[in-house]
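Single-structure report; data block below.
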Protein chains: 2
Amino acid sequence: MAQSAARSNGGKQSRIQTENRALIMQAALDVFSTDGYRGATVDRIAERAGMSKTNLLYYYPSKEEIYRSAIEQTVEAWLDPFDAIDPDGDPIEELRRYITVKLKMSDQNPEASRLFANEVQRGAPLVGEFLSTRLKALVDEKVAVIRTWIDQGRLAPVDPYHLIFTIWATTQHYADFEVQVQAILGKQAKKPGFSEQVAHAVLSILLNGIRPR
Amino acid sequence: MAQSAARSNGGKQSRIQTENRALIMQAALDVFSTDGYRGATVDRIAERAGMSKTNLLYYYPSKEEIYRSAIEQTVEAWLDPFDAIDPDGDPIEELRRYITVKLKMSDQNPEASRLFANEVQRGAPLVGEFLSTRLKALVDEKVAVIRTWIDQGRLAPVDPYHLIFTIWATTQHYADFEVQVQAILGKQAKKPGFSEQVAHAVLSILLNGIRPR
DNA sequence: TCCAAATTTGACCAGTTAGTCAAGAATTTT
DNA sequence: AAAATTCTTGACTAACTGGTCAAATTTGGA
């Protein structure tokens, strides 16, 4: 008599539930990240997930709920490495590590990056509040850390907010504009060592700037 | 008996044609840049342009044609300042100027930036060929210029391709992620001198890096 | 094995979509 | 001012959209 895959039974999920929810999330990530929320269709997500639309709606009650789930998952993964920036670590090393991790995320899960980008470009109808509350608080916290580092002379006197934006912009660019990067670099962008090459180049620029040294 | 606003009469456009096409392009930019190609509706564009859908389709024969027009317009404006990078100028000054212009474009016409971002994120179905032919050629040309500058010791030895990507990423971030920037910076991001502040911060980081100096 | 619960699906519905058509209103040309 | 042209619109269509429903099929525990 169950009308939908209820989460009411203590959060327990059957094997099939776990599998199918994972399939749906991956498909949702693919479709939402390329077509956007409005442009995506439940049918297309279902097809990509290899099941009927009706069955998909058995696991997630609506298109909006699928989207919400995908976004939440993405945001969490996104926050972790930022939160991990250690006030007691070496500034350059901490930022190097953060940039490296973010570049790796862009490389390994570009769909998630594009999904988030799309959400923000739409005006952040879903994550708007998250941005101005939780994310803002976390950014303010890290900005304070960076300021301390600057005051101690361990970092150049740059605006901490814009430093963070610059890091986000640069690292996510390789996911969001993947097609453009590949069009310009050609097959080179698909070779094994490419992500390391990107990391090296980006780190070199952000850490040292482009003035001759 | 004319069934559509033909461009067959030698390219001449009446006053009404010019006005309405401009209205439609601005509306298309707004709607496509937030909802994406698939998510946008002709009805919504027409409403934003202040005319009936039927009338809009009198000026542009299809949704795809509206989109194509908007994209082409955007790409042209986008290419100009890049092309203007002068091999005979001072490297730092040339890049400073380019970055400044791009930041100004992001500030004054964020919709265009988001439209292009969206197109590329979708897999660049329309501009894909442009990216791998005309843009690639132009980038290769500028990369050669940057290499010369580096060989002459007038620029730090950074990877030219990734330098260009970094500039694109950073400057466009302020348009594409406008909502996020505003959520984190608050009203500060709406004050008059903000775009100059952004320019100063971004230039400081890209030109000098973040290592203490 | 047997059965209750969980899973899966096709048929269906109401609303939306891009685009057509014919006719009316405004504008320009003569 | 009359005619020709350009502009504008409401009514319509066929395809697609998110979501429902009842009935079938599969699964896992006793």
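Computation of the quantities below employed the complete heavy-atom set of this structure, encompassing side-chain atoms and omitting hydrogens, waters and symmetry-equivalent molecules. Proteins get letters first, then strands, A, B, ... in listed order; numbering begins at 1 in each. Values in this document were obtained by computation on a predicted structure and should not be read as measured data.
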Is the positively charged end of B/Lys102 above the ring of B/Tyr174, judged by distance under 6.0 angstrom from the centroid and angle within 45° of the axis? no
Whole angstroms only, please: what is the CG-P distance between B/Asp35 and C/dT17? 10 Å
Considering only NZ, NE, NH1 and NH2 on the basic side and carboxylate oxygens on the acidic side, decide whether A/Glu93 and A/Arg97 come within less than 4.0 Å. no
From CA spacing to verdict: side chain to side chain contact (heavy atoms under 4.5 Å, CB included), B/Lys104, B/Ser195: CA-CA 7 Å; B/Lys104 191 163 287 175; B/Ser195 63; over 6 Å; no
Atom-to-atom span, CD of B/Glu19 to C1' of D/dT8 - whole angstrom: 15 Å
Take atom CZ of B/Arg21 and atom C1' of D/dT6, then tell me their distance rounded to the nearest Å. 13 Å
What's the CD-C1' distance between A/Glu64 and D/dT17, to the nearest Å? 16 Å
CD1 of B/Ile71 to CD of B/Glu119, rounded to nearest 0.5 Å, is 4.5 Å
Distance check: side-chain N/O of A/Tyr59 vs OP1/OP2 of C/dA6, anything under 4.0 Å? no
Atom pairs under 3.5 Å, N or O on each side, protein against nucleotides 9-15 of chain D: can you list them with distances?
from: D/dT9; atom 1: OP2; to: B/Ser52; atom 2: N; distance (Å): 3.2
from: D/dT9; atom 1: OP2; to: B/Ser52; atom 2: OG; distance (Å): 3.1
from: D/dG10; atom 1: O6; to: B/Thr54; atom 2: OG1; distance (Å): 2.9

If each end axis of the helix from C/dT1-D/dA30 to C/dT30-D/dA1 is fitted on five C1' pair positions, the angle between them, to 10 degrees, is 20°
Within this structure, what is the CZ-to-C1' distance between A/Arg38 and C/dT16, rounded to whole angstrom? 11 Å
Between the protein and nucleotides 28-30 of chain D, are there any N/O to N/O pairs under 3.5 Å, and if so, what are the atom names and distances?
from: D/dG28; atom 1: OP1; to: A/Arg15; atom 2: NH2; distance (Å): 3.3

Whole-Å gap separating C1' (D/dT17) and CZ (A/Arg44): 12 Å
d(A/Ile85 CD1, A/Leu138 CG) to nearest 0.5 Å is 8.5 Å
Contact under 4.0 Å: B/Asn20 side-chain N or O vs D/dT8 OP1/OP2: yes
How many angstroms lie between atom CD1 of B/Ile24 and atom CZ of B/Arg21, to the nearest 0.5 angstrom? 7.5 Å
Using the ring of each side chain (for Trp, its six-membered ring), is A/Tyr67 parallel, tilted or perpendicular to A/Phe32, with breaks at 30° and 60°? perpendicular
Within the structure shown, what part of the strands sits under 4.0 Å from A/Ala46 by heavy-atom distance: base, sugar-phosphate, or nothing? nothing
Nearest 0.5 Å, what's the CG-CD1 distance between A/Leu23 and A/Ile45? 13.0 Å
Of all the nucleotides listed (C/dG19, D/dT8, D/dT20), which has the minimum atom distance to the side chain of B/Leu57? C/dG19
Enumerate the residue pairs fulfilling side-chain hydrogen bond (donor to acceptor under 3.5 Å, both in side chains) with a member in residues 177-186 of chain B, sequence neighbours excluded, ordered by first and then second residue. B/Arg114-B/Glu178
Between CG of A/Asp43 and C1' of D/dT17 the distance, given in whole Å, is 8 Å
So ring pair (Phe, Tyr, Trp, His ring centres under 6.0 Å) across residues 176-206 of chain B, not counting sequence neighbours, yields B/His173-B/Phe177
Do we get A/Lys142 above A/Tyr98's six-membered ring, with its NZ or CZ under 6.0 Å from the centre and within 45° of the axis? no
Output all residues satisfying salt bridge (Lys or Arg N to Asp or Glu O under 4.0 Å) with B/Glu47, sequence neighbours left out; order by chain, then residue number. none
When you check the phosphate oxygens OP1 and OP2 of C/dA6, does a side-chain N or O of A/Gln17 lie under 4.0 Å from one of them? no
Using whole Å, report how far CD of B/Gln13 lies from P of C/dT28. 15 Å
